[in-house]
Amino acid sequence: MKPASTYEIQFSGLSTGKHEFDWALEPGFFDERNAEEITECDLTAEVLMEKTDRMLMFIFNISGKVKTICDHCGEELWLDIQTSDELIAKFGTETDLTGDEVVVLGPSEFKFDVSQYIFEFTILSIPARRVHKHGECNPEAEQYLEKADFIEENKQNDPRWKALETLKNK
């Protein structure tokens, strides 16, 4: 596992202009942040930083794949991830890292830790619904789900259940 300082960009000694930083993200990166939705990963994070006299402009490009759990069958699933996000860090009188798109770096700051932003942008790029492609789910789970759907359909068509529903709603 890489130490947190690995993801720090020391901007104070850099000239104005564009600079590029690259990291290969390891599963430990997500483990230490208790990200339950990612069990393994093969990701690269490229951070492009443009330094000016008044601010730092960051573009985060994260790509690769993550292993998570299928919402349908509960088996492991590899998902392709591709995201590009921006962040601006302005120089000010007091450090304030609470902004979503713009943060402020105080006069005593000389480096910027991008690990939290890499983490957040990666998590936000995972789809809300994570399922295998049709036919790739666990066959046993598929059979169980089909049986459950059949029972549910029969409940809806059975007049006895409708009578019980009317009693429940009173």
Side-chain angles (χ1 to χ4, degrees), residues 1-14 17-51 55-90 95-105 109-152:
M1 188 169 7
K2 297 179 182 179
S5 62
T6 302
Y7 303 98
E8 291 177 343
I9 297 175
Q10 188 168 341
F11 59 84
S12 66
L14 297 175
K18 296 180 180 183
H19 304 275
E20 186 177 323
F21 305 89
D22 296 300
W23 293 277
L25 302 180
E26 301 170 350
F29 179 82
F30 297 99
D31 289 342
E32 67 188 22
R33 289 166 179 78
N34 298 321
E36 295 174 1
E37 47 279 299
I38 297 177
T39 57
E40 286 185 49
C41 69
D42 182 15
L43 293 171
T44 57
E46 177 186 82
V47 178
L48 304 171
M49 181 189 80
E50 184 171 354
K51 181 180 178 185
M55 71 178 94
L56 304 170
M57 293 175 283
F58 295 94
I59 298 175
F60 293 79
N61 293 309
I62 303 166
S63 61
K65 55 187 179 176
V66 296
K67 186 188 280 187
T68 188
I69 302 298
C70 176
D71 292 336
H72 189 68
C73 70
E75 295 291 322
E76 293 181 334
L77 162 71
W78 281 98
L79 292 174
D80 291 326
I81 299 293
Q82 179 75 34
T83 185
S84 183
D85 299 279
E86 297 181 8
L87 178 72
I88 295 174
K90 292 184 176 184
T95 299
D96 180 10
L97 302 176
T98 59
D100 289 336
E101 297 172 6
V102 178
V103 295
V104 180
L105 300 174
E109 302 293 337
F110 62 95
K111 60 186 175 182
F112 186 65
D113 184 358
V114 295
S115 62
Q116 184 62 28
Y117 300 99
I118 292 171
F119 171 75
E120 289 176 9
F121 294 145
T122 302
I123 294 296
L124 291 172
S125 70
I126 297 172
R129 180 148 164 79
R130 301 174 284 261
V131 294
H132 286 101
K133 293 178 184 172
H134 183 70
E136 292 182 9
C137 277
N138 178 329
E140 288 179 32
E142 285 287 338
Q143 287 177 347
Y144 176 78
L145 292 169
E146 287 173 11
K147 183 178 178 183
D149 287 342
F150 177 76
I151 292 170
E152 187 62 33

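Numbering of residues begins at 1 and proceeds along the displayed sequence.
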Exercise. Taking C-beta and beyond as the side chain, do T83 and L124 meet within less than 4.5 Å on heavy atoms?
Worked result: no
For this session: Would you give the length of the straight line joining atom CD1 of I62 to atom CD1 of I123, rounded to the nearest 0.5 angstrom?
Result: 10.0 Å
For this session: Using side-chain hydrogen bond (donor to acceptor under 3.5 Å, both in side chains) as the criterion, list what pairs up with E86, not counting sequence neighbours.
Result: none
Exercise. Is V114 close to M49 at the side-chain level, that is, under 4.5 Å between some pair of heavy atoms?
Worked result: no
For this session: Please answer whether the main-chain N or O of E37 pairs with a side-chain N or O of T68 as donor and acceptor at a distance below 3.5 Å.
Result: yes
For this session: Side-chain contact test, heavy atoms from C-beta onward, threshold under 4.5 Å: evaluate it for I69 versus E76 and give yes or no.
Result: yes
Exercise. Heavy-atom count around D100 CG within 6.0 Å, excluding the residue itself: above 12?
Worked result: no
For this session: Look up atom CD in Q10 and atom CD in E109, then write down how far apart they are to the nearest 0.5 Å.
Result: 12.0 Å
For this session: Count the heavy atoms belonging to other residues, nucleotides or ligands that lie under 6.0 Å from NZ of K51, then report whether that count exceeds 12.
Result: yes
Exercise. When rounded to the nearest 0.5 angstrom, what is the spacing between CD in E136 and NE2 in H72?
Worked result: 12.5 Å
For this session: Check whether any side-chain heavy atom of L79 lies under 4.5 Å from a side-chain heavy atom of P127, and answer yes or no.
Result: yes
Problem set entry | Value rounded to 0.5 Å, distance of CZ in F121 from CG in D85 | 4.5 Å
For this session: Report the C-alpha separation of L43 and V66 in whole Å, then their side-chain angles, then the decisive distance to 0.1 Å, and conclude whether the side-chain contact (heavy atoms from CB on, under 4.5 Å) test is met.
Result: CA-CA 7 Å; L43 293 171; V66 296; 3.7 Å; yes
Exercise. side-chain hydrogen bond (donor to acceptor under 3.5 Å, both in side chains) with E50: which residues, sequence neighbours excluded?
Worked result: none
For this session: Check the pair F112 / Y117 against ring-ring contact (aromatic ring centres under 6.0 Å, His included), numbers first and verdict last.
Result: CA-CA 11 Å; F112 186 65; Y117 300 99; 5.6 Å; yes
Exercise. With no hydrogens and no angle check, is any side-chain donor or acceptor of N61 less than 3.5 Å from a backbone partner on S84?
Worked result: no
Exercise. Can you check whether V47's main-chain N or O pairs, donor with acceptor, with H19's side chain at less than 3.5 Å?
Worked result: no
Exercise. In terms of the angle between their ring planes, are F21 and W23 parallel, tilted or perpendicular, with boundaries placed at 30° and 60°?
Worked result: parallel
Seminar exercise, completed: When rounded to the nearest 0.5 Å, the distance separating NZ of K67 from CZ of F30 is 14.5 Å
Problem set entry | Worked verdict on F29 versus I38 for side-chain contact (heavy atoms from CB on, under 4.5 Å) | CA-CA 10 Å; F29 179 82; I38 297 177; over 6 Å; no
Exercise. CD of E20: more than 12 outside heavy atoms within 6.0 angstrom?
Worked result: yes
For this session: Any chance you could measure C70, atom SG, to R129, atom CZ, to the nearest 0.5 Å?
Result: 7.5 Å
For this session: Starting from the C-alpha separation in whole Å, work towards a yes-or-no answer on side-chain contact (heavy atoms from CB on, under 4.5 Å) for Y7 and Q116.
Result: CA-CA 9 Å; Y7 303 98; Q116 184 62 28; over 6 Å; no
Problem set entry | Student check: side-chain heavy atoms of I126 and I81 closer than 4.5 Å | yes
For this session: Taking the side chain as every heavy atom from C-beta outward, state whether L97 and L105 have any pair of such atoms under 4.5 Å apart.
Result: yes
